[in-house]
Amino acid sequence: MKREVPTSLAGTGKIVPAQPVSAAQTPSNELVHYVLHLYITGVTPNSTRAVINLKEICEHYLKDRYELLIIDLYQQPELASRDQIIAAPTLVRKHPQPLRRLVGDLSDRERVLASLGIASA
Amino acid sequence: MQTNHPPIPIPLRKTPTGIEGLDEITDGGLPQGRPTLVCGSAGCGKTLLAIEFLVRGIQQYDEPGVLMAFEETAEELSANVTSLGFDLPALQKAGKLRLDHVHVDRSEIEETGEYDLEGLFIRLGHAIDSIGARRVVLDTVEALFSGFPNQAVLRSEIRRLFRWLKDKGVTAVITAERGEGSLTRQGLEEYVSDCVILLDNRIQDQITTRRLRIVKYRGSTHGTNEYPYLIGEEGLSVLPVTSLKLGHDVSDRIVSSGIPALDGMFGLKGFYEGSSILIGGTAGTAKTTLAAAFAREVCLNKGRCLFFAFEESPRQLLRNMRSVGIDLEPCLEKDLLRIEASRPTLNGLERHLVTLHQLVRDFKPQAVVIDPISNLVSVGNLQEVRSMLTRLIDFLKVNGITALFTALINPRTGQVEMIEDAVSSLMDTWIMLRDLEGIGERNRGMSILKSRGMSHSNQVREFIVTGNGIELLDVIIGPTGIVTGSARLAQRLQEQAQADAHQHELDRKDRELERKRRVLEATIANLRTEFESVEDELRRINQEEQTRQPTLPEGKKTLPSGPASGAGKTTRRKGR
């Protein structure tokens, strides 16, 4: 809990821990609303890549219909246990059900899309 | 404190586990601040060992602990160990224990690129820091392999995890499943190199025995044997094969065998308190009866006695012993006697041993009877029985409990159905019962083979089981040695006859003497009568003589000159 906050984190402006980065306000009629939690560990290369990759995907495929929460485990270690996080980074699809966990830096886009249930077309 | 000595290298520090027996064979516990691998197949009690390590650490050494469970949830684990008296929720509430269930589900996890297990590290680190844990358990960390397909990452991360645990300075226990041909399925032993404990669940003749072995322990001496261990009602107990030292106190007090005549065969009239006594004998030589007599004697002296019956049920034992005048019922009622009856095959040897340990601890008996030990061979092989007995006897001796064992002897070989010397060397007193067969009958004979620390009779005594218990008969020595049974009766009759004849002879001689005395007395009386009559006659003559004497001069005076007349007078008197 008392871990030092990675100094560069706040400066990036991309990641605000435990804060919804973007919340879609306009629910599309047919399209499903996504709730995604991304657990990262500071500014490790994997974590940074994951954040970049996820943002790209969200903006590209889920524009305005997603809610993304990025959690830095170093700052909120108690959440790791609560949310059953083992690997880092881990993306958890909270909604739609069923719950899915995607581990890794999300660079395998095909797989990410398939796992999230997003049609790549 | 400053000393002038050169600095002594600090020996490996150890964390006592608090698990019965384990600290003895590891010479103090697990390596402090290092991970220990506990591996074993399913059902070995790995998790139990790990949890007990934590719980005892909290209870006995005030070292908080973290349990990271990969297979069972916190609720399941708590429920599982409640029966052992471990209250995990209470410990959690007291802030001494953290339970963290790591849920690994392959179907939920998708790999989408590079990752590490930092999440696990953070969880663990957080749990450790939040309660200041000194002990950590990772219960089957291998479960990760089922969740994450990338072996290379996993392996390097697990290696990193163990390194990290060391840096954290926590004493960790990592459990792992036993693999084919290797200690663990995933080869974790490569990463944990400080201490590896192997648990083994072996089935032999349909009976399971659990064994523990310390495969390695870097930087420390440790017992290298396989040690049986048990999961009992109070957790795990590892039984050192032999007690580590023969340093128990001894008592000079004597306990009676319950049979006065048997006591009489011992120089100090009984057994030493706290000694071990073996009653060996062929079938039907009243071994159990002797044992029961001893048990009752202990109870009559207000002692407690624990009776392990491996052949008879308690009721049967009571009935049978009542029939020979040994009534154990009052002892049972006063709770001085406890009969623990079970078939030896019901449990493995170790279970029997642990049952005994527990009963002894609860009941605190002064004496323990095991009837018979030879039956235990049906459970294990000779060596196992021997090692169990060694442990048992050591345990009882250390506690100052007199132990009486009976053992069946194979009538064909005449040997105890066990390695005789092994048992013998453990026993302080050895009473041998045997059939004395001859002239168409069997009789029971009893002799003392040995009795450490006191003199004993060298005779083979015949004994009979009567309605009043066991009676030792006096030694009767016939022309060919000690005689028994009907030969003894015959010998006795013969002796009786001889004695009678001798008495007759004496009587006859007495009567003869009496007769002779009477004859002599009669003769004496006769002689006396004769003597009296003679004396009487003589006295009369004498008297007459005296009366005549004065008349003579008178006669002479009247007839002074007539000698013829004087002569005529004299003649006349004489003629009267």
Side-chain angles (χ1 to χ4, degrees), chain A residues 1-3 6 36-54 57 71-94 97-118, chain B residues 66-71 73-74 92 97-133 136 138 140-158 160-161 164:
Chain A
M1 248 188 292
K2 300 286 171 270
R3 279 187 187 277
L36 301 173
H37 289 186
L38 179 64
Y39 297 84
I40 55 164
T41 47
V43 287
T44 53
N46 282 344
S47 297
T48 315
R49 263 202 308 279
V51 171
I52 295 167
N53 283 333
L54 182 60
I57 292 168
I71 296 153
D72 184 2
L73 293 173
Y74 283 140
Q75 298 193 15
Q76 291 172 288
E78 65 279 4
L79 295 184
S81 146
R82 193 195 68 189
D83 299 333
Q84 286 295 347
I85 304 306
I86 303 164
T90 297
L91 175 64
V92 178
R93 186 185 77 177
K94 289 265 185 178
Q97 293 289 329
L99 193 105
R100 293 214 69 109
R101 288 166 199 277
L102 285 74
V103 301
D105 58 11
L106 307 171
S107 53
D108 188 342
R109 184 155 303 183
E110 294 281 305
R111 241 195 182 151
V112 174
L113 293 178
S115 302
L116 289 175
I118 300 166
Chain B
V66 169
L67 171 59
M68 194 165 244
F70 291 82
E71 289 183 329
T73 66
Q92 277 176 287
L97 179 72
R98 276 293 288 261
L99 277 181
D100 189 4
H101 169 59
V102 178
H103 176 79
V104 184
D105 188 348
R106 181 76 187 86
S107 67
E108 280 183 0
I109 294 172
E110 194 71 47
E111 283 185 347
T112 62
E114 285 180 31
Y115 62 92
D116 54 33
L117 297 185
E118 190 64 22
L120 192 70
F121 285 70
I122 291 171
R123 282 170 82 161
L124 196 52
H126 177 63
I128 292 171
D129 294 340
S130 65
I131 56 167
V136 169
L138 302 180
T140 325
V141 79
E142 288 171 319
L144 289 173
F145 284 88
S146 68
F148 294 91
N150 192 336
Q151 299 268 320
V153 169
L154 266 182
R155 289 190 180 278
S156 76
E157 285 297 282
I158 287 175
R160 187 162 74 92
L161 178 65
W164 179 82

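Order of the sequence lines fixes the chain letters, A, B, ..., with proteins taken first and strands second; residue numbering starts at 1 for each chain. Note that the coordinates shown come from a computational prediction; the quantities given were computed from them, not determined experimentally.
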B:H126 side chain near A:Q76 side chain, heavy-atom distance below 4.5 Å: no
Pairs of heavy atoms under 4.5 Å with chain A: top-ranked of B:D100, B:N150, B:V153: B:D100
Proximal component of A:S81, with respect to chain B [non-hydrogen, under 4.5 Å]: both
A:R93, part contacting chain B, at a heavy-atom distance under 4.5 Å: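 Neither part; nothing is under 4.5 Å.
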Would you give the length of the straight line joining atom [atom1] of [X] to atom [atom2] of [Y], rounded to the nearest 0.5 angstrom?
X	Y	atom1	atom2	answer
A:R100	B:E110	CZ	CD	6.0 Å
A:D72	B:I122	CG	CD1	7.0 Å
B:E118	A:L73	CD	CG	8.5 Å
B:H103	A:I85	NE2	CD1	11.0 Å
A:I86	B:L124	CD1	CG	12.5 Å

What pair of heavy atoms forms the shortest contact from [X] to [Y], and how long is it?
X	Y	result
A:A87	B:Y115	CB-CD1, 3.7 Å
A:S107	B:G113	OG-CA, 3.9 Å
A:D105	B:T112	OD1-O, 3.8 Å
A:R111	B:E111	CD-O, 3.0 Å
A:A80	B:G119	CB-O, 4.1 Å

Chain B interface, residue from A:V112, A:L106, A:V103 that has the most non-hydrogen pairs under 4.5 Å: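 Ranked by heavy-atom pairs under 4.5 Å with chain B, first place is A:V103.
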Greatest number of heavy atom pairs closer than 4.5 Å to chain B - which of A:L102, A:L99, A:N53: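 Among the listed options, the one with the most contacts to chain B is A:L102.
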Proximity breakdown for B:D116 and chain A, heavy-atom pairs closer than 4.5 Å: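 Interface part for B:D116: both.
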